[in-house]
Structure formats: C-alpha cells, structure tokens
Amino acid sequence: MIEVRDFSFAYNDKNVLTHLSAHFPLGTFCAIVGPNGAGKSTLLKAIAKLLDKTSGIFIDGTPLNEYSFATLAKKVAYVPQRQDVVFDFSVSDTVMMGRNPYQGRWAAPSDADMEIVAEALAMTHLSELKERMLLQLSGGELQRTYIARAIAQQTPILLLDEPLSNLDVAHQLEIMEIVSDLNRNKNTTVLFVVHDFSMAMRYASSVLLMEAGRIVDFGEPGAVLTPEKIRSTFHIPDKYAIDNYGRILFN
Ligand code: ADP
C-alpha cells in the first residue's frame, strides 16, 4: 500500500510536484499518464526514495524515511526509464543482483536465490540468453533483463518508468503480460508510466492522469482517459478527433 500525502517537490527552484495526494491500495495496477514534464518520473522516484525529500510518502503505513535502503529494497523494486550499460555483466548475473537485499555482503547465492533467478529468467523468456552479456542484447532483451532483476527482487511493489519505450508492439505486449501476471498471481502492486493510452486502458486497473505536477484525474481507465480529458491534458488541437481508445483520428 502506497500513500502520497500532500507531497510537493522542486528541483532547485522549479516546482515539479505540487500538493500531490494519492492512495494506491495493495494489488493496484496503476498507469501513470501525462505529457512530458508532468512529473511522472519524479513521482516514481519519490516513492522509490531516490529524492532527497521523503516526508508525505508512506509505504504500508510507515513513513518512507523510516525505511533503510536495505529494508526498502525488499518492499519496492524500481526500474528506471533509461539504464545505460556501464558494466558488462551477463544476463543471469544482472538478474542475480535482484537478490542482493537478501544476501550477506560476500555470501554466495543460495540454492533458493538460484531458483528465484531461474524463475525470473523463465518468466521474462530469457532463459536461453542467460549467459549473454548485456552489451550483446537488443533493447527489448535489455529491458526484459532489468524487469527480470526487479522480479527476482520479489517485492510487493514494482515501479516501472516507461517500460515500453523503444519496444515494438509485440515486445510491449510481452512486457505487459509479464507484469500483468505478477499483479494477478502475486498481487504485486504495480505503478507504471506509459504513453500508450490503449495499453493503459487494456491492462491497468486505474489511471493517474497528471499535468504540470498535479493530478488531473485518478480512477478507472475508461473514466479517466476520455477523449475530452486527453485533449485538454495533452493540449491536442480541435482539428484532430480522438476516439474512445484515445487514438487520434486522421481524416
Ligand atoms: P515526466 O516523467 O512526466 O516527463 P519528470 O518527472 O521527468 O516528468 O520531470 C518533471 C520536470 O522536472 C521536468 O520539467 C524536468 O525537466 C524536471 N527535472 C527532472 N529531473 C530533473 C533534475 N534531476 N534536475 C532538474 N530538473 C529536473
């Protein structure tokens, strides 16, 4: 359960989130939607305790600042928007890093760790690529590797910042199915930033629509992603018609 209570945040002097309040119940599958610069990534970072401000954010009723990074890593897995490959690890070594919060500093992985990693690799269809080095992966495979690492972290909360960017539609569907399975089978609470309205409508149980650091609307996908709200939030000129799936209609 995640609670954001009257949370404001500024980078230097620039307000990015303004008096934001939202409650994400256990097992929610929430799409965060909004124009560039709305503050979507900043909100996820705030929940992942990656900003220097934590007051107003609660996880399972406990203020975020009371969580050590080690404890939080067992609660929240965060997959950032862009991850450059800095060290060229193999796929399986990368996924094993998801087990770090559970291991002693120099301990070898346990049999249970190995099993969990194997399961995460299987779920993300990476078993055959497990020995491959990260630099030899396609964008989609790399994205799946980072998601597999988050799965291996076995947290009740998963935060995904634009997990579908740079993926073709088949790979987008694959990621959404994997995350959807986690949500359904393990009741994982998922918050994901997404630009594709149809993905949000098809998969999410709720949509948080944001603009300029504020919440425009938060509720069922069909009620939030109406043509009218999409038009006004994204400033789409009247000459373009928008259908009920959020698609722009060209005539
Ligand atoms: P979104 O994810 O909705 O595109 P972001 O949360 O990434 O929005 O960014 C919100 C605003 O904060 C943008 O105007 C962006 O330029 C600014 N911003 C993001 N990260 C930083 C940073 N590290 N330092 C300064 N400004 C930032």
Side-chain angles (χ1 to χ4, degrees), residues 2 24 27-34 36 38-51 57 59 64 67 69-70 72-87 89-102 116-117 119-126 129-130 132 134-135 137-168 171-196 199-200 203-204 208 210:
I2 306 166
F24 304 95
T28 204
F29 192 171
C30 179
I32 303 178
V33 176
N36 293 334
K40 305 180 295 296
S41 292
T42 305
L43 175 61
L44 284 197
K45 284 180 190 156
I47 297 167
K49 204 182 179 185
L50 296 171
L51 303 180
I57 303 202
I59 296 193
L64 196 55
Y67 284 92
F69 279 100
L72 193 67
K74 294 178 189 168
K75 280 261 181 206
V76 179
Y78 165 72
V79 181
Q81 195 176 115
R82 250 194 49 185
Q83 303 199 23
D84 295 325
V85 176
V86 182
F87 298 105
F89 292 108
S90 70
V91 169
S92 64
D93 286 347
T94 304
V95 177
M96 184 57 82
M97 288 171 202
R99 301 304 300 156
N100 284 351
Y102 302 92
I116 289 162
V117 167
E119 193 194 344
L121 288 168
M123 277 183 79
T124 49
H125 316 297
L126 286 169
L129 294 178
K130 66 181 179 192
R132 198 73 88 73
L134 296 189
L135 284 173
L137 298 178
S138 71
E141 291 160 352
L142 190 62
Q143 188 75 292
R144 291 209 309 271
T145 303
Y146 290 133
I147 290 175
R149 183 175 61 187
I151 292 172
Q153 213 176 316
Q154 289 197 321
T155 56
I157 297 171
L158 186 55
L159 309 175
L160 302 166
D161 198 345
E162 291 196 33
L164 308 182
S165 57
N166 301 319
L167 301 183
D168 66 49
H171 287 100
Q172 292 187 10
L173 291 168
E174 202 173 86
I175 298 281
M176 289 314 300
E177 291 294 337
I178 292 165
V179 178
S180 210
D181 278 353
L182 278 177
N183 173 256
R184 251 194 327 262
N185 301 331
K186 304 205 166 158
N187 206 30
T188 307
T189 299
V190 181
L191 269 55
F192 70 114
V193 174
V194 69
H195 282 295
D196 186 323
M199 289 291 178
Y203 287 98
L208 180 76
M210 292 178 65

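Keep in mind the model is a prediction, meaning the values are calculated, not measured.
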Dump the intermediate steps for side-chain contact (heavy atoms from CB on, under 4.5 Å) on Ile32 and Asp161, then the final yes or no.
CA-CA 9 Å; Ile32 303 178; Asp161 198 345; over 6 Å; no

Looking at side-chain heavy atoms only, is the closest gap between [X] and [Y] below 4.5 Å?
X	Y	answer
Arg132	Leu126	no
Leu51	Thr42	yes
Asp93	Phe87	no
Tyr146	Leu134	yes
Leu50	Tyr78	yes
Leu182	Val190	no
Val193	Leu160	no
Phe89	Met96	no

What closest approach, in Å, do [X] and [Y] show between heavy atoms, and which atom pair accounts for it?
X	Y	value
Thr124	Ala120	OG1-O, 2.7 Å
Leu121	Ser92	CD1-CB, 4.2 Å
Gln143	Leu164	NE2-N, 4.4 Å
Thr189	Gly27	OG1-N, 2.8 Å
Phe29	Ser180	CE1-CA, 3.6 Å
Lys186	Glu119	NZ-OE2, 3.4 Å

Are side-chain N/O atoms of [X] and [Y] paired as donor and acceptor at under 3.5 Å?
X	Y	value
Gln81	Ser165	no
Thr188	Asn183	no
Glu162	His195	yes

Measuring from [X]:[atom1] to [Y]:[atom2], what's the distance to the nearest 0.5 Å?
X	Y	atom1	atom2	answer
His125	Arg144	NE2	CZ	7.0 Å
Ile151	Met123	CD1	CE	4.5 Å
Leu191	Leu43	CG	CG	7.0 Å
Ser90	Leu135	OG	CG	12.0 Å
Ile147	Ile175	CD1	CD1	3.5 Å
Thr145	Leu137	OG1	CG	5.0 Å

Quick one: is the NZ or CZ of Lys49 closer than 6.0 Å to the six-membered ring centre of Phe69, and within 45° of its axis?
yes

Within 45 degrees of the axis of the six-membered ring of Tyr102 and under 6.0 Å from its centre: does Arg99 put its NZ or CZ there?
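Here Arg99 passes the 6.0 Å and 45° test against Tyr102.
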
Quick check: does any side chain N or O of Tyr67 sit under 3.5 Å from a backbone N or O of Ile59, one acting as donor and the other as acceptor?
yes

Please check if the side chain of Lys40 supplies one atom and the backbone of Met210 the other of a donor-acceptor pair under 3.5 Å.
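Not confirmed, Lys40 side chain does not pair with Met210 backbone.
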
Indicate every side-chain donor-acceptor pair of residues 152-159 with a distance under 3.5 Å to a residue at least two apart or in another chain.
residue: Gln153; atom: NE2; partner: Ala73; partner atom: O; Å: 2.9
residue: Gln153; atom: NE2; partner: Val76; partner atom: O; Å: 3.2
residue: Thr155; atom: OG1; partner: Ala77; partner atom: N; Å: 3.4
residue: Thr155; atom: OG1; partner: Ile157; partner atom: O; Å: 2.8

Would you sort out whether Leu208 and Val33 count as a side-chain contact (heavy atoms from CB on, under 4.5 Å), showing the intermediate values?
CA-CA 6 Å; Leu208 180 76; Val33 176; over 6 Å; no

Could you tell me which residues satisfy salt bridge (Lys or Arg N to Asp or Glu O under 4.0 Å) with Glu141, sequence neighbours excluded, listed by chain and number?
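Counting only residues at least two positions away or on another chain, Glu141 forms no salt bridge (Lys or Arg N to Asp or Glu O under 4.0 Å).
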
